[in-house]
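Scope of the values below: all heavy atoms of this structure, side chains included, with no hydrogens, waters or symmetry mates.
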Amino acid sequence: AGGKELFLCSFSSHTALKFSTFWGGGGADTCAPHSLVLGSGGGFAVSGTTSSADFPLAAPYQSSLGGGSDAFVSVFASATETLFSSYIGGAGNDTGLGIASDPAGSLYLAGGTVSSDFPLVNAYQGTFASAAGFLAKISSDGWTLPYSTFFGNYAAAVYDVEVASDGSPYLAGKTRSDLPIKNAYQSGFIDNDQMAFAARLTPDGSQVSYSTYLGGGKDAALDAALDASGKLFLTGFTRGGFPFLNAYQSSLGDYDDAFL
């Protein structure tokens, strides 16, 4: 165990602990708020960030730590059975920030990277400038990446991903500019350090259906949700200048405020 260790636990009721375990290696192992997705039959997947060269692996896509830290994905059939567990990253620092699944059992890992050699497959965006967001689709058996792509540059990160029933991934995050914009609600970047963004890719990851900036005062979209009709809901934080419509609260209450 390292200085930070993940834990996993499940409850059969609000008073009964079903299982509880550490998960990690000799380095720092962490997860983000959107790092757990449930599967059928009691299975689940967890994602995050590790600096452990001895992180527990099983049938890995990438079997060694690429840099100072890598993103990881671990999939469990149960508390005692690991289906696969793998690093995903390059020679720099890579952070796993969000995970989602589609009806076929494929996983979608989102995050941020400073690795120019991050593993790309059938990438929509293959160019890297500095710190980029990323999205990687992982096959249900964990052995292949149908696609993996950078998304955005210059201090970009994808904090959350949601997947529609047709397999289209929706991304939420932040960037300092240079986002691929298409069919945008807000197409211009305001020079205010960073802006939130939302984007939808096609099911095969080859094209952007839409992508837009959102904000006006150092903003970030941290969480996303889809309803049954495909409407996207975002929440995050802003420091002002945010575009409001039919607002319950339209004035900034303090230095940072949440938005919905």
Of the non-hydrogen atoms in Pro169 and Tyr108, which two are nearest, and what is the gap between them? CB-CD2, 4.3 Å
As a test of understanding, state which of Phe7, Phe72, Phe76 forms a ring pair (Phe, Tyr, Trp, His ring centres under 6.0 Å) with Trp23. Phe76
Using a 3.5 Å distance criterion without hydrogens, assess whether the side chain of Asp29 forms a donor-acceptor pair with backbone atoms of Thr49. no
Short question: side chain of His34, backbone of Ala100 - any donor-acceptor pair under 3.5 Å? no
Ser69-Ser51 side chain donor-acceptor pair, cut-off 3.5 Å: no
Would you find a donor on one side and an acceptor on the other, under 3.5 Å apart, between the side chain of Ser86 and the backbone of Val73? no
Which value, rounded to the nearest 0.5 Å, describes the distance between Asn153 atom CG and Phe128 atom CZ? 7.0 Å
Give, for atom CG of Leu6 and atom OG1 of Thr30, the distance between the pair rounded to the nearest 0.5 Å. 6.5 Å
Is there a side chain to side chain donor-acceptor pair (under 3.5 Å) between Tyr147 and Asp204? Walk through the geometry before answering. CA-CA 8 Å; Tyr147 66 80; Asp204 64 1; over 6 Å; no
Donor-acceptor check, side chain of Ser140 to backbone of Gly105, threshold 3.5 angstrom: yes or no? no
Ser63 side chain to Pro60 backbone, donor-acceptor under 3.5 Å: no
Please assess Ser139 against Thr144 for the test side chain to side chain donor-acceptor pair (under 3.5 Å), listing each intermediate value before the final yes or no. CA-CA 6 Å; Ser139 62; Thr144 60; 3.1 Å; yes
Phe197 and its side chain to side chain contact (heavy atoms under 4.5 Å, CB included) partner, picked from Asp219, Thr175, Ile181: Thr175
Between the main-chain N or O of Ser115 and the side-chain N or O of Thr113, is there a donor-acceptor pair closer than 3.5 Å? yes
Has Gln194 got a side-chain atom pairing as donor or acceptor with Ala155's backbone, closer than 3.5 angstrom? no
Between Leu120 and Phe118, is any pair of side-chain heavy atoms under 4.5 Å apart? yes
Just wondering, more than 12 heavy atoms not from Phe244 lying within 6.0 Å of its CZ? yes
For the atom pair OG1 (Thr50) and CD1 (Ile88), what is the distance rounded to the nearest 0.5 Å? 13.0 Å
Does the Lys137 side chain pair with the main chain of Leu109, one donor and one acceptor, at a distance under 3.5 Å? no
Between Glu162 and Asp160, what is the shortest heavy-atom contact and its length? OE2-OD2, 3.8 Å
Using a distance-only test with no angle check, is there a side-chain donor-acceptor pair under 3.5 angstrom linking Asp223 and Tyr159? no
Same apolar cluster (I L V M F W Y, side chains within < 4.5 Å links), Val46/Tyr87: yes
So, Ser211 side chain and Pro180 main chain: donor-acceptor pair closer than 3.5 Å or not? yes
Centroid separation Phe150 to Phe134 less than 6.0 Å: no
Can you tell me if Asn183 uses its side chain to pair, donor with acceptor, with the backbone of Ser209 under 3.5 Å? yes
Any luck finding a side-chain donor-acceptor pair between Arg200 and Tyr210 under 3.5 Å? no
